[in-house]
Amino acid sequence: RLDRNTSGLMLCGKSVRGSQFLSEILRERSLRKYYVAYVQGRIDREFSLKGFLKKEEEKNRSEVISEREYQERKWREPGIEKEYKRIETVIKPLFYVEERDCTKLEILLVTGKSHQIRAHLANIGHPVLGDRKYGWKSIKEEEKVFRYQLLHAGRVEFPEIKGEFAYLSGKCLTAPE
C-alpha cells in the first residue's frame, strides 16, 4: 500500500494464494522495501530511526514518539500499547543539494505503518519535500508548485523462497523515479 501522492511500486497477487504469500512475507518483514525521498535540510550519515507511531484516523495523520517517551508514558497512560505501534526506518543519505538545502535519501522501511516514513522524518526535523501535511514549507518560489511529496517506492527485494514461489527467490523489482 502507498500513501496518496507517493509514487512507485505496488505489489499485488494474481491469485488468492499469491495474495496470501505476499501478506505472509510482509507480516514476517522478510520482504525488503526501499524508498527514495528528498528531505529538507542536511543529513550526512546513515542511521536507524526507532519509535512508536499512533494513527490519528480523524485527521488522517500519524504521530511519532521516541522510544524513551513511550517508556515514560507507558506507566502513566494505561492502554498506550493499543494505540502506539513500534516502528523502525533506516535512512541512508545519497547526496546533499546545497542550493535547495535538501538531502536525497534511500530509506529501508523495516516495519511499515501508515505514513511512517513521512511522520518519522518530520519528527526529526527533516520533512519530505512537498509534504505539507507533515510540516514541509517551500523555501523557493518554484517549489510552491509541488503537487506531491517527493517520496517514491523504488525497490523491493524478495527473500530466499522455497516451494511454490521459489521463482521470486532473491528477485529485485524496481520502479524508475
Side-chain angles (χ1 to χ4, degrees), residues 1-13 18-41 43 45-94 103-136 146 148-159 172-175 177:
R1 119 192 133 225
L2 291 177
D3 293 344
R4 188 176 325 171
N5 300 330
T6 297
S7 62
L9 285 170
M10 291 186 67
L11 300 174
C12 60
S19 295
Q20 291 169 337
F21 168 74
L22 281 174
S23 292
E24 184 181 315
I25 63 173
L26 287 166
R27 188 175 47 258
E28 293 171 350
R29 297 189 182 129
S30 58
L31 180 75
R32 296 174 66 87
K33 301 168 285 186
Y34 292 90
Y35 289 71
V36 174
Y38 285 87
V39 299
Q40 208 159 13
I43 297 176
R45 65 180 178 82
E46 180 175 344
F47 58 96
S48 178
L49 294 167
K50 296 178 182 177
F52 288 81
L53 180 138
K54 173 185 172 184
K55 176 71 184 216
E56 298 173 344
E57 296 292 341
E58 64 282 349
K59 295 180 184 176
N60 191 29
R61 268 183 69 90
S62 293
E63 174 193 17
V64 172
I65 60 173
S66 69
E67 290 183 309
R68 188 171 135 239
E69 183 179 350
Y70 177 82
Q71 294 304 324
E72 290 170 0
R73 289 175 59 182
K74 198 162 105 171
W75 303 110
R76 295 190 315 266
E77 301 174 30
I80 192 173
E81 296 91 352
K82 293 178 184 165
E83 294 179 351
Y84 286 86
K85 304 298 179 203
R86 190 186 81 73
I87 58 172
E88 184 175 356
T89 311
V90 178
I91 63 172
K92 175 183 173 185
L94 300 175
T103 304
K104 183 178 184 180
L105 300 176
E106 178 182 74
I107 301 159
L108 170 61
L109 192 59
V110 178
T111 49
K113 303 293 181 202
S114 185
H115 297 195
Q116 176 179 327
I117 293 171
R118 298 163 60 200
H120 227 166
L121 288 167
N123 184 258
I124 64 165
H126 295 283
V128 174
L129 268 59
D131 191 0
R132 290 169 180 83
K133 181 175 281 204
Y134 286 97
W136 172 81
F146 285 178
Y148 308 107
Q149 65 261 5
L150 300 185
L151 177 61
H152 178 75
R155 184 171 90 238
V156 293
E157 295 175 356
F158 285 86
C172 177
L173 304 176
T174 61
E177 292 176 40

- Lys54 bridged to Glu83 by N-O distance under 4.0 Å: yes

- Task: Nearest 0.5 Å please: distance from the NZ atom of Lys33 over to the CD1 atom of Ile107.
- Result: 13.0 Å

- Which pair of non-hydrogen atoms, one from Val64 and one from Asn123, has the smallest distance, and what is that distance? O-ND2, 3.2 Å

- Query: Measuring from Glu177:CD to Ser7:OG, what's the distance to the nearest 0.5 Å?
  - Reply: 8.0 Å

- Does the pair Glu106 and Arg155 meet the rule for a side chain to side chain contact (heavy atoms under 4.5 Å, CB included), with working shown? CA-CA 10 Å; Glu106 178 182 74; Arg155 184 171 90 238; 3.1 Å; yes

- Determine, stepwise, if the pair Phe47 / Ile124 fulfils side chain to side chain contact (heavy atoms under 4.5 Å, CB included). CA-CA 12 Å; Phe47 58 96; Ile124 64 165; 4.1 Å; yes

- Non-hydrogen atoms of Ser48 and Val90 that approach each other most closely: OG-CG2, 4.0 Å

- Query: With distance as the sole test, does His152 use its side chain to make a donor-acceptor pair with the main-chain N or O of Ala175 at under 3.5 Å?
  - Reply: yes

- Note on the structure: When Val39, Leu108, Ile43, Ile117 are each screened for side chain to side chain contact (heavy atoms under 4.5 Å, CB included) with Ile91, the one that passes is Ile43

- Task: Measure across Thr103 and Pro93 and return the closest heavy-atom pair with its distance rounded to 0.1 Å.
- Result: CG2-CB, 3.9 Å

- Item | From CG (Leu109) to CG (Leu31), nearest 0.5 Å | 10.0 Å

- Query: How many angstroms lie between atom OG1 of Thr89 and atom CD of Gln116, to the nearest 0.5 angstrom?
  - Reply: 3.5 Å

- Task: Give the intermediate values and the outcome of side chain to side chain contact (heavy atoms under 4.5 Å, CB included) for residues Glu63 and Arg61.
- Result: CA-CA 7 Å; Glu63 174 193 17; Arg61 268 183 69 90; over 6 Å; no

- Item | For Thr111 against Glu88, the heavy-atom pair lying closest together | OG1-N, 3.0 Å

- Item | Side-chain heavy atoms of Leu151 within contact of Asp131, under 4.5 Å | no

- Message: Please report the interatomic distance CG(Leu53) to NZ(Lys113), rounded to the nearest 0.5 Å.
- Response: 8.5 Å

- Query: How far apart are the closest heavy atoms of Ser62 and Ser114, and which atoms are they?
  - Reply: OG-O, 2.9 Å

- So, Arg73 and Glu69, do they make that salt bridge, N to O below 4.0 Å? yes

- Between CD on residue Gln40 and CG on residue Leu121, distance to nearest 0.5 Å: 11.5 Å

- Query: Any idea how Tyr70 and Tyr84 line up, ring-wise: parallel (<30°), tilted (30 to 60°), or perpendicular (>60°)?
  - Reply: perpendicular

- Task: Determine the interplanar angle of the Tyr134 and His115 rings, folded into 0 to 90°, and report it as parallel if under 30°, tilted if 30 to 60°, perpendicular if over 60°.
- Result: perpendicular

- If you count the non-hydrogen atoms of other residues, nucleotides and ligands that lie under 6.0 Å from CZ in Arg76, is the total more than 12? yes

- Task: Please confirm whether the backbone N or O of Thr174 pairs with a side-chain atom of Tyr34, one donor and one acceptor, at under 3.5 Å?
- Result: no

- Message: Applying side chain to side chain contact (heavy atoms under 4.5 Å, CB included) to Leu11 and Leu173, what does each step give before you reach the verdict?
- Response: CA-CA 10 Å; Leu11 300 174; Leu173 304 176; 4.1 Å; yes

